[in-house]
Trainee: 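Shown below is the structure under consideration.
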Amino acid sequence: MDSLWVDRQGPVVKGSADQGPLSQQQLDEFEQKGFLFEPGFLGGEELARLREELKALLDNDAYRGKNYSIVEPSGKEIRSLFAVHYLSRVFAHLANDERLVGRARQILGGESYVHQSRINYKPGFEGKGFNWHSDFETWHAEDCMPDMHAVSASIVLTDNHEFNGPLMLIPGSHRVFVPCIGETPDNNHEKSLQKQEIGVPSQEALRQLIDRNGIEAPKGSAGGLLLFDCNTLHGSNANMSPDPRSNAFFVYNRVDNRCVEPFAANRRRPDFLAHEPGSDFNP
Ligand code: 6CS
Ligand code: FE
């Protein structure tokens, strides 16, 4: 049987403790697990402002029907809103905050730009899940991100508990690249952002990786920060509770790792999914 994966070469963390806010111990944990959860990263007035902005963006009907606003399979509720660091000054300010950019510098070993930003709203009862996947698999195949020099920062904006579909990660899975079965159809994102079926790892690979290291689902009050490597396998269940599980995500890509022409898909994905450094965005 062909091997289920290819081992990743080289270090995951390419920077050091003296380049930003993370301690050596935190960097070591990220290297080993492929993610790091910091409860209470934000609080007080700053968090309250972000939660107000979260609601204002969600309530803004001007975004309805735009390609960067993804609805749930039911067609009603907003599932994800992309390019939020373009749509909102509040989220733009947070995306450029040294507390995040500094963490990205330490992990990536150099300066970065925002490859993608989004809010996943996961509304109460209606918010469906996200199948297990590696973001890098998609960003490599469809956006042509050359190498694994990107990190996601997920800011918990509503309490994440066991019933409203918290993000689940497989520790250590970032150390292997699981090739995905099947061709990448044109405009795959028009389906995958609602329900990802192409570009997902095999159940056998998932079984073996979960048998090795289990599954972790960092939970906690709004304000937490989850940093996870671009290649760490993650997913989430549907929201079975009345409480939304809304998180904001900024993806930091190292400037020398900018996307070029697609490896697998026929054309690059739209700018709301893969931003060109320094480019403008016309919502
Ligand atoms: O295709 C993408 O870029 C998006 N899809 C998923 C499931 N996670 C990363 C990103 O938001
Ligand atoms: Fe993802």
Side-chain angles (χ1 to χ4, degrees), residues 34-35 66-73 78-87 91 95 113-122 127-146 148-157 160 165-170 173-174 177-178 180 182 184-201 206 209 215-218 226-239 245-253 257-259 262-265 267-276 281:
F35 60 91
K66 300 279 187 181
N67 59 3
Y68 52 85
S69 171
I70 311 298
V71 289
E72 290 290 350
I78 300 284
R79 175 177 171 89
S80 303
L81 185 67
F82 283 85
V84 292
H85 70 298
Y86 281 103
L87 299 175
F91 281 103
Y113 69 94
V114 177
H115 165 74
Q116 180 182 108
S117 70
R118 66 192 184 275
I119 294 173
N120 284 346
Y121 278 94
K122 200 173 278 195
K128 298 298 173 237
F130 292 78
N131 289 335
W132 288 112
H133 65 280
S134 152
D135 291 338
F136 178 74
E137 194 282 333
T138 299
W139 297 337
H140 181 69
E142 300 180 50
D143 299 336
C144 198
M145 181 183 282
M148 297 178 183
H149 300 318
V151 60
S152 286
S154 171
I155 296 99
V156 175
L157 294 174
N160 279 210
L167 193 71
M168 303 184 296
L169 306 110
I170 303 174
S173 59
H174 64 307
F177 181 70
V178 185
C180 295
T184 305
D186 274 358
N187 301 324
N188 183 39
H189 63 277
E190 288 170 0
K191 286 208 181 68
S192 70
L193 296 178
Q194 212 174 45
K195 189 172 187 321
Q196 186 168 0
E197 287 166 327
I198 303 269
V200 290
L206 286 166
L209 290 167
I215 297 172
E216 288 191 29
L226 175 66
L227 294 168
F228 59 103
D229 181 77
C230 57
N231 189 47
T232 304
L233 288 174
H234 61 285
S236 61
N237 285 318
N239 186 346
R245 188 235 65 183
S246 304
N247 297 352
F249 295 76
F250 301 119
V251 179
Y252 296 94
N253 187 27
N257 194 44
R258 61 189 296 173
C259 300
F263 293 136
R267 67 178 74 88
R268 294 192 53 170
R269 298 199 304 172
D271 181 55
F272 74 87
L273 284 169
H275 302 322
E276 268 300 300
F281 175 73

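Counting starts at 1 for both ligands and their atoms, following the listed order. FYI, the numbering just counts along the sequence from 1.
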Trainee: Carefully, step by step, assess H133 and D135 under the rule side chain to side chain donor-acceptor pair (under 3.5 Å).
Mentor: CA-CA 6 Å; H133 65 280; D135 291 338; 2.9 Å; yes
Trainee: Any N/O of T138 closer than 3.5 Å to an N/O of ligand 1?
Mentor: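 No, there is no polar N/O contact under 3.5 Å.
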Trainee: Return the orientation label for the H275 and H85 ring planes: parallel under 30°, perpendicular over 60°, tilted otherwise.
Mentor: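 Ring orientation of H275 relative to H85: tilted.
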Trainee: Among protein heavy atoms, which sits nearest to atom 9 (C) of ligand 1, and what does the distance come to when rounded to 0.1 Å?
Mentor: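 That would be D135 OD1, 3.0 Å.
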Trainee: What I want to find out is whether E72 reaches K195 closely enough, with some N-O distance under 4.0 Å, to be called a salt bridge.
Mentor: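 Looking at K195 together with E72, the answer is no, because their closest N to O distance does not fall below 4.0 Å.
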Trainee: State the atom name: nearest N, O or S atom of D135 to the Fe ion (ligand 2).
Mentor: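 Of all N, O or S atoms belonging to D135, OD1 is the one nearest the Fe ion (ligand 2).
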Trainee: Does W139 come within less than 4.0 Å of ligand 1, judged by its heavy atoms?
Mentor: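 It does; at least one heavy atom falls under 4.0 Å.
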Trainee: Calculate the angle formed at the Fe ion (ligand 2) by NE2 in H133 and NE2 in H234; 10° precision is enough.
Mentor: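 Rounded to 10°, it measures 80°.
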Trainee: Pairing donors with acceptors under 3.5 angstrom, does anything connect the side chains of K122 and S236?
Mentor: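 Indeed, the side chains of K122 and S236 share at least one donor-acceptor pair under 3.5 Å.
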Trainee: Taking the six-membered ring of F91, is NZ or CZ of R118 closer than 6.0 Å to its centre and within 45° of its axis?
Mentor: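 No; the conditions do not both hold, so R118 does not lie above the ring face of F91.
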Trainee: Run the contact test for H133 against ligand 1 with a 4.0 Å cut-off on heavy atoms, strictly below, and give the result.
Mentor: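 Contact present.
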Trainee: I need the nearest protein heavy-atom contact for atom 2 (C) of ligand 1: residue, atom name and distance, please.
Mentor: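 Of every protein heavy atom, R269 NH2, 3.5 Å lies nearest to atom 2 (C) of ligand 1.
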Trainee: Could E142 and R268 be called an ion pair, given the rule that one side-chain N must be under 4.0 Å from one carboxylate O?
Mentor: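 No.
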Trainee: Can you tell which part of Q116 has a heavy atom less than 4.0 Å from ligand 1: side chain, backbone, both or neither?
Mentor: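 Under 4.0 Å from ligand 1, Q116 contributes side-chain atoms alone.
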Trainee: What is the closest protein heavy atom to atom 5 (N) of ligand 1, and at what distance does it sit?
Mentor: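 Residue, atom and distance for the closest contact: L193 CD2, 4.0 Å.
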Trainee: Which value, rounded to the nearest 0.5 Å, describes the distance between L167 atom CG and R245 atom CZ?
Mentor: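 Here the interatomic distance stands at 6.5 Å.
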